[in-house]
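Here is the structure we will look at.
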Protein chains: 4
Amino acid sequence: MAHNYSACRVAVLGASGFAGGELLRILARHPGMELVAAGASSKVGMPVRSLYPWISFEGSFVAAEDALAASPDLLFASLPHTQSMELLGAWDGGYAVDLGGDFRLRDPGVYREWFGAEHSHPDALSGWVYGLTEWRRPEIAAAARVANPGCYPTATILALAPLLAAGAVAAEGIHIDAQSGVSGAGRATGEGFDFVSVNENLRPYAVTGHKHIAEMEQELSAAAGSPVRVSFVPHLVPVTRGLLATCSAPLTGVASTEELLEIFHHRYKEEPFVRVMGAGELPATKGVTGTNVAEVTVRADARTGRAIAFCAIDNLGKGAAGQAVQNANLMLGFDEATALDTAGLAP
Amino acid sequence: MAHNYSACRVAVLGASGFAGGELLRILARHPGMELVAAGASSKVGMPVRSLYPWISFEGSFVAAEDALAASPDLLFASLPHTQSMELLGAWDGGYAVDLGGDFRLRDPGVYREWFGAEHSHPDALSGWVYGLTEWRRPEIAAAARVANPGCYPTATILALAPLLAAGAVAAEGIHIDAQSGVSGAGRATGEGFDFVSVNENLRPYAVTGHKHIAEMEQELSAAAGSPVRVSFVPHLVPVTRGLLATCSAPLTGVASTEELLEIFHHRYKEEPFVRVMGAGELPATKGVTGTNVAEVTVRADARTGRAIAFCAIDNLGKGAAGQAVQNANLMLGFDEATALDTAGLAP
Amino acid sequence: MAHNYSACRVAVLGASGFAGGELLRILARHPGMELVAAGASSKVGMPVRSLYPWISFEGSFVAAEDALAASPDLLFASLPHTQSMELLGAWDGGYAVDLGGDFRLRDPGVYREWFGAEHSHPDALSGWVYGLTEWRRPEIAAAARVANPGCYPTATILALAPLLAAGAVAAEGIHIDAQSGVSGAGRATGEGFDFVSVNENLRPYAVTGHKHIAEMEQELSAAAGSPVRVSFVPHLVPVTRGLLATCSAPLTGVASTEELLEIFHHRYKEEPFVRVMGAGELPATKGVTGTNVAEVTVRADARTGRAIAFCAIDNLGKGAAGQAVQNANLMLGFDEATALDTAGLAP
Amino acid sequence: MAHNYSACRVAVLGASGFAGGELLRILARHPGMELVAAGASSKVGMPVRSLYPWISFEGSFVAAEDALAASPDLLFASLPHTQSMELLGAWDGGYAVDLGGDFRLRDPGVYREWFGAEHSHPDALSGWVYGLTEWRRPEIAAAARVANPGCYPTATILALAPLLAAGAVAAEGIHIDAQSGVSGAGRATGEGFDFVSVNENLRPYAVTGHKHIAEMEQELSAAAGSPVRVSFVPHLVPVTRGLLATCSAPLTGVASTEELLEIFHHRYKEEPFVRVMGAGELPATKGVTGTNVAEVTVRADARTGRAIAFCAIDNLGKGAAGQAVQNANLMLGFDEATALDTAGLAP
């Protein structure tokens, strides 16, 4: 795609949220994108710089409608579900990446089942591509509308899809546990997310019913070529950023750790943002803080006949804003890695 | 058992470790136990009060042999494995509770397999009772030697044994994920346990090979009445105290959350230190900090045909020193709850 | 005082807050106090056990008026300022300990200056004793009304009053820095106290204007026998419990660390809840977590002619609920240490 | 200075430490610097990529001597004190920035007093410039040897020097409290720095005797034009990165917060890495995580006649590696901000 550098005018909806803020932080170093509007319904009129003192953008937060009125070339939306549906379903502008859940599911019936609401633009769904870059790169590169994956699905699909695609694990009997940092819950989340409730505490939540399950099953089924069901339990742990998925699946035959790792190495060897850890090392979220990187690995448990696959990401990076920019780079013809870090802020 | 209050003379081996310190903290309020010796090989000669300034005991740390020479009525040992084996296997004194792993496994062959060492006192093993209080109370009450469970087995057995005993879940296809606070690794653990490595980090460890698996399978098999295998993945998370186990097991038939909870309520209704959380609440480690309590619950996942059972404990409380005192209370005829807290230090 | 054990009927106002919860936790082990009412305006009708599952009390939270209607022998109030003033100023019952700020200042004019409100019961102020136990024990023992100190004043007065009373430091030029855990701000404190805002963050607040300054100056002036002014800066740091005060004051003459420590040792040698650290050790909040203990020490800085005095407390223990119970024990004739811990929950 | 881009060959000594790692992270994005050698005495032979998997450099860690043998154009040294002295005092290469303490003090007698060792190259000291960029920019730009300031001096000098230079505060009676994240202590620091010792703990250390005091007094005296003495107390708090200095100094006359802020605004208005916070906001370390920014502000306390000045930095950023690169940019003629972030990783 022919791209005119320094000409891509970008608007961000939900710019005062955590994912929105991370988008602005990444875009600030993007040589080919220029912020033209920052939407934030609860902060209309407040200078963007009062929340992000480092930004060069001199405007104030505006309502979503006013951000769209700026006719951006590219729109990032990080809004509560149903709000995305309404705004983006009706938008006829150029490129859009939605970080919310409204356009990720192909089937409006599945949307209804998991979100408890009727989709307002079911006919628009077919125009959106599920934006897990490593698994849908050609479609994303050709798309004008990308539904950026949820943080949990990003990690679990990166860990399980290679094994399902290779037929190494079964489509039934999969159990996934995940731990997420608190920023994944978004800003201003109220009771239960105050420091005192989270610090020195470990707790599961949304057992059996997390909305992200629908995405995982849709995409893992696509990778497997047959319906996949997953049992999924998320946990809240006292970190700000970071998401770790531990995925246990029955092996379909005898397989060694080395054979499973070879599947990972083969699948991800060209990927700039997937770091396959070998038999002597395990993923850790600290290694990916502030980056767009996913650390993945897998082990065979011969005693139980199961594979254990892992993925660590920054929930605001590869799990949200990082992947959104990665996708936008692809859509618009930039180098896919533009403005994206691979060096984690460690320690 | 007739017990002479204020007469039980207690020695603690490994008294400078975390579990040892928690033992001293609990014993300090026990009206019927008196500390007579505190063993700590690395701190021989240091006043106990310099490490625990609140203690009334005025002596110094001594070598294990010197602690035994004090002829205690009751011995608590919290030592690295193989050290317990040597010291306790040869001890002919009255009552002993071992917090280490050397006397938990019935089968010396299993010990060899998981610990990579030959057991030095295989004939002594039959004299030891596995001290998960809620599942072996009569044997513990009659015992002179109790092998206190590991922290992970305590949590996972409390969560899974009722379901296996009731035939509600299958013995195969079980996957357990657990998260533990750093105190579980003991004091002075070196690289990887410094603040900077742990803080803002999530990571799995000992995948497929944690020693505690052997205990879990031994006791879960006993509860099930048939061999049980578990896939188990522990994780290190940035909390000091607290252990949460999330256990996923295939249901043997159709069952609702209410039916599974009824199994829990029925099994644990008389237990002073097991708190069954109902359908509207989930365990959290903060509720048990500093206590001997286990918070447990279970959910049925109808979509995947699995039960998800949870248990939260303080790894130094019910997961170590608390349960050790609970067992000693039983063995010596004290009220089982003596000196043990149920009110978590929250916030 | 003649006391009838198991007869002291206690009500707690503000029982759903952090200090209120800590009061209930301590009272649960008090052999001579029985909870008869738990007031919590925002949770009226909710079973107390749903918030504190370990409690034996079977009632529900009630409005403050209904708690008073239970005619308790002893009332603890942990309410926002001005609420205490109204409720306690008019109460004609037996014993009361107020954990709020309304009855701590002797001078209604000073109250107006720092709280920005007129005191509604100025005539009642003379009936209240400032409850820093170690400095006003005889008056507290004889009192029916005790104003429990704030957390910051507790720490700073314990550190500075011995030096001022001994004439070792000057009354001018004192600067105090303090760091407090987040539980000091109370439950449900909203923006800025969520996990993500507090974790991995260090920040000052209320610079030059914290309400607690008025208390500090009142009591330090009393100790010094002349007016004392202090510059005070509190900081919010990512811990749940714990408060550390670092107090820098000009020496009035040449003095060594040993001489200053001797003042501390002499002043506090009989105190069950003050732990004077010697020249080779420094206070740390971990040593006092969950207790009523204050760790204090002092150093002379010969180069600058200043004394640096330190105090570490648990802001909910000696800084709130612990000291409140200590005072109530004194008022009612119990052993002063009843139900109060000295062994910190460490690690 | 004429600079040949992509030609500056850089060696880092101490590359496996925290500051060394941060240097590599920053240099990885520097368009004009190329890493040619990474020295790390304890890790000689280990591939650099095994510690920093994101790095493009393909070599292994080498001994310091071997790093120097690569004849780098620019040398960064982050070594324990006395090691820098020996290596850099004898080096005759081009440009060097030392992040250690050996070349910061002008007077070898002061070095002896605070470091307890004789300086091995006292004659070399005059060839080094103290690298607090904002206060010595012209000398740095002209220098071949820069002694990068310590983390505490960076923060305290940025906060106090404007007030001393303007005569607004006195040179005596200054007290500084500072809180530092644990990464400031370096990697592999042993007992007291493990997670369990640091988490949920607040403690002072090095009271009256921290080595950094000598630097502070040297540079603040230079700013004031007369000898300045400071009382300084550092504290260890449970954060990984971040340093906050709170500096209390007697005002020389009556001054308002606005007047003091005006001194700051005037002094720092052109500085790309100093963010002066106004009367309605206070510095916080979260705003500077991962950056080279210092947030500063000041308040007048009319009651006590003191100024309270604050500075928040990332101890590894402006407090170490960030400032080192800022200085190197100046020395070598790059734009001073090259490769340095101003957008803090928040949340």
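Reminder, nothing fancy here: chain letters follow the sequence lines and each chain counts from 1.
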Side chains of C/F232 and D/T304: does their closest heavy-atom pair fall under 4.5 Å? no
From the list C/E295, C/H235, C/R299, the residue making the most non-hydrogen contacts under 4.5 Å with chain D is C/H235
Determine the option with the most heavy-atom pairs under 4.5 angstrom with chain D, choosing from C/T246, C/I213, C/V196, C/I174. C/T246
Please rank C/D177, C/L244, C/V230 by heavy-atom pairs under 4.5 Å with chain D and give me the top one. C/D177
Parallel, tilted or perpendicular for D/H175 and C/H175, by the 30°/60° rule? tilted
Options C/R229, C/Q179, C/R306, ranked by heavy-atom pairs under 4.5 Å with chain D, top entry: C/Q179
In residues 199-210 of chain D, which residues are in contact with chain C at a heavy-atom separation under 4.5 Å? D/N199, D/E200, D/N201, D/L202, D/R203, D/P204, D/Y205, D/V207, D/T208
Heavy-atom contact with chain D under 4.5 Å, split by part of C/A300: backbone
Counting C-beta onward and ignoring hydrogens, is there a side-chain heavy-atom pair between C/P238 and D/V239 closer than 4.5 Å? yes
Between the side chain of C/K286 and the main-chain N/O of D/V198, is any donor-acceptor distance below 3.5 Å? no
Is C/R303 salt-bridged to D/E217, cutoff N-O under 4.0 Å? yes
If you apply the rule side chain to side chain contact (heavy atoms under 4.5 Å, CB included), what do you find for D/S231 with C/I308, and how did you get there? CA-CA 9 Å; D/S231 162; C/I308 318 284; 3.3 Å; yes
